[in-house]
Amino acid sequence: MNPDRSLVGAITRQHLPKVGGAVVLGLLAAVAGLAQPAMIGELIAAVSTNVPLLVPILIVVGLFVADAALTTAQAYLMGRTGERIVYDTRTALIERVLHADVRAFSRWRHGDIQARIVTDTSLLKIALAQSTASIIVDSFMVLGSVVLMFVIDPLLLGVTVACMAVASLVALVLARKLRKAAVRNRTIVGDLGADLHRAIGALNTVKACRAERLEGNRIGGLAVSARRSGVRVSALSAMLSPTMGIGLQASLAAVIITGMGRVATGSLGPAELTSFIMYLFYLVSPLVMLFMSIGQLQQGRAAIGRINELADIDQEPSVVLPPTPASTSERESTESTESTEDSVEPEAVVGHRAGVTFDRVRFAYEPDEPTLRGVSFTVPARGLTAIVGPSGSGKTTLLQLLMRLYPVSDGRILLDGENIASIPVHRLRGRVGYVQQESATLRGTIGDNLVYGEQHANADEIDRALRLAGLDEVVRSLPRGIHTEIGENGAGLSGGQRQRLAIARMLIRRPAVLLLDEATSNLDSDSELALRTTLRSIASECTVISVAHRMSTVVDADRIVVMEAGAVGAVGTHHELLRTSELYQRLNAIQFQGEQAAHGLPV
């Protein structure tokens with residue numbers, strides 16, 4: 001990956017002026033700190049020569065205050081900038097994930113995505129802001145201390161370097177090992193989050209299969225691996241500071257012994273030795289911080305790599321332009337216009353013509369396994385069209401292609417005569433409502449679920465949608481009405497009520513085309529009959545396409561499309577297909593026999 005084009009790199013460049021300002025404050029604080037030992041040496045010399053002490057004392061105090069103030073300002077600015085980098089990265093990743101291509105998104109584990117957005121990004125504050133600034137400032141502090149120590153006494157500096165060199169080499173080796181350990185730790189933590197997310201999302205299935213111990217052992221094993229790798233990271237990180245501490249102690253002992261000998265011989269004054277020892281302390285602290293910052297940066301690099309991998313997820317195109325000889329400038333102009341239109345709220349489209357045409361549509365989830373094989377049929381601009389067929393015949397895929405959740409492999413789909421590939425996705429989905437077999441119900445109130453994505457809906461529109469979906473009496477019977485709270489996945493509502501809530505949510509949008517994918521699968525007989533009546537009313541205003549297994553839900557459809565092995569087997573009304581389609585006859589007979597058996601009647 002080219003770091004210059006990475007998400008983290010681009011965001012960091014936006015904040016470079018603030019990072020630079022924090023570095024400047026840190027360098028000024030370093031200058032104030034480096035001047036302190038020299039001025040303290042001057043103060044000691046002034047005491048021995050009976051020179052007035054007021055001015056040297058004021059200078060030393062001023063340096064202390066300036067150092068503290070500049071360090072505080074630098075830490076605040078750096079922390080604030082780091083938080084902004086984390087915020088910008090998280091929001092950018094969220095946007096990338098929400099607009100990701102469905103096929104690309106399906107290859108990712110949801111828990112791993114969550115870990116990268118929440119956990120990995122939190123390391124950016126330390127890695128990119130605090131560690132980077134600390135490396136620059138501490139390097140300057142170390143270099144300045146070395147230069148001033150050389151000016152005071154080159155021999156003592158040589159003793160210091162000899163003692164510190166070994167510790168520094170060991171610290172560098174530890175830093176390299178730390179980075180490798182951090183990469184492994186982040187990977188294991190991501191796996192742990194992904195598997196935990198999977199188990200929680202399927203908790204009822206886990207309980208029904210008595211797989212609590214199985215999941216506990218598997219996730220627990222990952223937790224053990226995460227603990228072990230985390231302990232290794234902590235151990236390597238913890239060894240950095242003591243390593244430099246040992247170097248400091250050895251250097252201090254050697255400097256004191258050598259320095260006192262030189263003072264005794266008169267080749268070095270007490271003030272110079274005091275200044276040198278102070279610089280030694282000033283050297284070690286930033287040197288320790290320097291290696292710790294390098295270690296933190298190494299840990300951050302592992303997180304940055306994972307973040308940039310997620311940022312590279314394929315995006316869902318707003319418009320798929322057909323191959324034309326149009327110039328580059330024309331394409332850019334078109335894309336710019338579409339981008340602007342894409343941000344506009346979709347208008348109400350009830351009453352607009354919205355006939356749908358599938359024209360020789362081919363599609364395959366896998367290259368060598370075609371799901372649709374040249375499907376062609378037309379759906380009128382008004383009325384109810386049902387799609388039936390055996391499992392795996394491509395019924396749901398047709399609806400997903402119309403929603404542009406996946407691109408067609410060949411052929412085209414027309415909406416009111418316009419190729420949906422040329423319609424911005426946001427506008428297309430404002431005209432087409434989609435109710436899945438297992439539509440998600442979000443934690444929150446019933447009202448929140450109803451107006452999800454359509455917050456501008458008013459009370460009349462909400463009441464109309466509830467009435468059409470047959471949910472109005474249910475809501476009125478609840479103590480808090482539409483303000484009733486429901487849990488994850490619609491906990492608190494029956495399966496049929498959740499399905500009708502999903503239908504009502506789409507009806508609030510007043511779509512020109514309403515897609516129902518097994519929308520009646522969780523409804524009882526009375527609710528199904530009520531919804532069939534509702535669909536007839538809705539179908540008079542817009543196009544309704546319903547995928548169904550229950551033959552009772554399609555008998556009064558204006559048109560029925562029979563799918564078989566990814567192709568259209570027959571098209572007609574219920575009575576026509578009973579005469580002309582063997583597959584439809586078989587499906588109808590199977591359904592009839594199932595209903596007879598369910599009621600205890602002879603088959």
For this session: Give the C-alpha distance, both sets of side-chain angles, the deciding distance and a yes or no for side chain to side chain contact (heavy atoms under 4.5 Å, CB included) between V513 and R431.
Result: CA-CA 6 Å; V513 178; R431 299 173 64 184; over 6 Å; no

For this session: Could you walk me through whether R90 and S122 pass side chain to side chain contact (heavy atoms under 4.5 Å, CB included), step by step?
Result: CA-CA 9 Å; R90 282 175 176 165; S122 64; 3.7 Å; yes

Exercise. Can you check side chain to side chain contact (heavy atoms under 4.5 Å, CB included) on K177 and V173, steps first, answer last?
Worked result: CA-CA 6 Å; K177 291 185 177 181; V173 173; 4.1 Å; yes

Problem set entry | Pair R429-E316, salt bridge (charged side-chain N to carboxylate O under 4.0 Å, His left out): steps then yes or no | CA-CA 13 Å; R429 293 171 187 167; E316 184 177 55; 2.5 Å; yes

Problem set entry | side chain to side chain contact (heavy atoms under 4.5 Å, CB included) evaluation trace for R360 with D410 | CA-CA 7 Å; R360 297 164 294 176; D410 193 18; over 6 Å; no

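In this view, T160 satisfies the side-chain hydrogen bond (donor to acceptor under 3.5 Å, both in side chains) rule with no residue, not counting sequence neighbours. Take T445 and apply the side chain to side chain contact (heavy atoms under 4.5 Å, CB included) test, not counting sequence neighbours, and it matches D448, E485. In this view, D359 and R412 satisfy the side-chain hydrogen bond (donor to acceptor under 3.5 Å, both in side chains) rule, not counting sequence neighbours. Residues passing the salt bridge (charged side-chain N to carboxylate O under 4.0 Å, His left out) test with D88, sequence neighbours excluded: R84. Looking at residues two or more places apart in sequence or on another chain, you find a ring-ring contact (aromatic ring centres under 6.0 Å, His included) between F358 and F377. Every residue two or more places apart in sequence or in another chain that forms a side-chain hydrogen bond (donor to acceptor under 3.5 Å, both in side chains) with T397 is listed here: Y365. The salt bridge (charged side-chain N to carboxylate O under 4.0 Å, His left out) search around D191 returns R109, not counting sequence neighbours. When the salt bridge (charged side-chain N to carboxylate O under 4.0 Å, His left out) test is applied to R80, no partner is found at least two apart in sequence or on another chain. By the salt bridge (charged side-chain N to carboxylate O under 4.0 Å, His left out) test, R232 pairs with no residue at all, sequence neighbours left out. Scanning for side-chain hydrogen bond (donor to acceptor under 3.5 Å, both in side chains) contacts around T371 gives an empty result, with sequence neighbours left out.
Under the salt bridge (charged side-chain N to carboxylate O under 4.0 Å, His left out) criterion, the residue pairs touching residues 217-230 are D195-R218, E215-R218, with sequence neighbours excluded.
Taking CD1 of I423 as the reference point, atom CG of L415 lies at 5.0 Å (rounded to 0.5 Å). Atom CD1 in I113 sits 6.0 Å away from atom CG in L310 (nearest 0.5 Å). Taken to the nearest 0.5 Å, the CG atom of L428 stands 6.5 Å off from the CG atom of L402. Atom CE of M141 and atom OG of S134 lie 11.5 Å apart (nearest 0.5 Å). Rounding to the nearest 0.5 angstrom, the gap separating the CG atom in L398 from the CD atom in Q400 is 9.5 Å. A distance of 8.5 Å separates CD1 of I11 from CG of L124, quoted to the nearest 0.5 Å.
Checking R184 against S229 by side-chain atom types alone, no donor-acceptor pair falls below 3.5 Å.
Not one N or O on the side chain of D517 forms a donor-acceptor pair closer than 3.5 Å with the backbone of Y434. Distance alone, capped at 3.5 Å, places no donor-acceptor pair between the T81 side chain and the M78 backbone. Between the side chain of D120 and the main chain of I304, no donor-acceptor pair closer than 3.5 Å is present. With hydrogens and angles ignored, the 3.5 Å screen pairs no side-chain donor or acceptor of R116 with any backbone N or O of E309.
Nearest heavy atom pair, residue G230 against residue N185, reads N-ND2, 3.3 Å. Across all non-hydrogen atoms, the minimal contact from L27 to I136 is CD2-O, 4.4 Å. Across all non-hydrogen atoms, the minimal contact from P370 to A364 is CA-CB, 3.7 Å. Minimum heavy-atom separation, T187 to R306: CA-NH1, 3.9 Å. When every heavy atom of A22 is checked against every heavy atom of L77, the shortest pair comes out as N-CD2, 3.5 Å. Taking both residues in full, the closest heavy atoms of F363 and S409 are given as CA-OG, 3.4 Å, listed atom of the first, atom of the second, then distance.
Within a 6.0 Å sphere centred on OH of Y452, heavy atoms belonging to other residues, nucleotides or ligands number 12 at most.
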Expected list for residues 95-105: side-chain donor-acceptor pairs under 3.5 angstrom, two or more places apart:
from, atom 1, to, atom 2, distance (Å)
R96, NE, A311, O, 2.8
R96, NH2, A311, O, 2.7
R96, NH2, I313, O, 3.2
H99, ND1, E95, O, 3.0
D101, OD2, R103, N, 3.1
D101, OD2, A104, N, 3.2

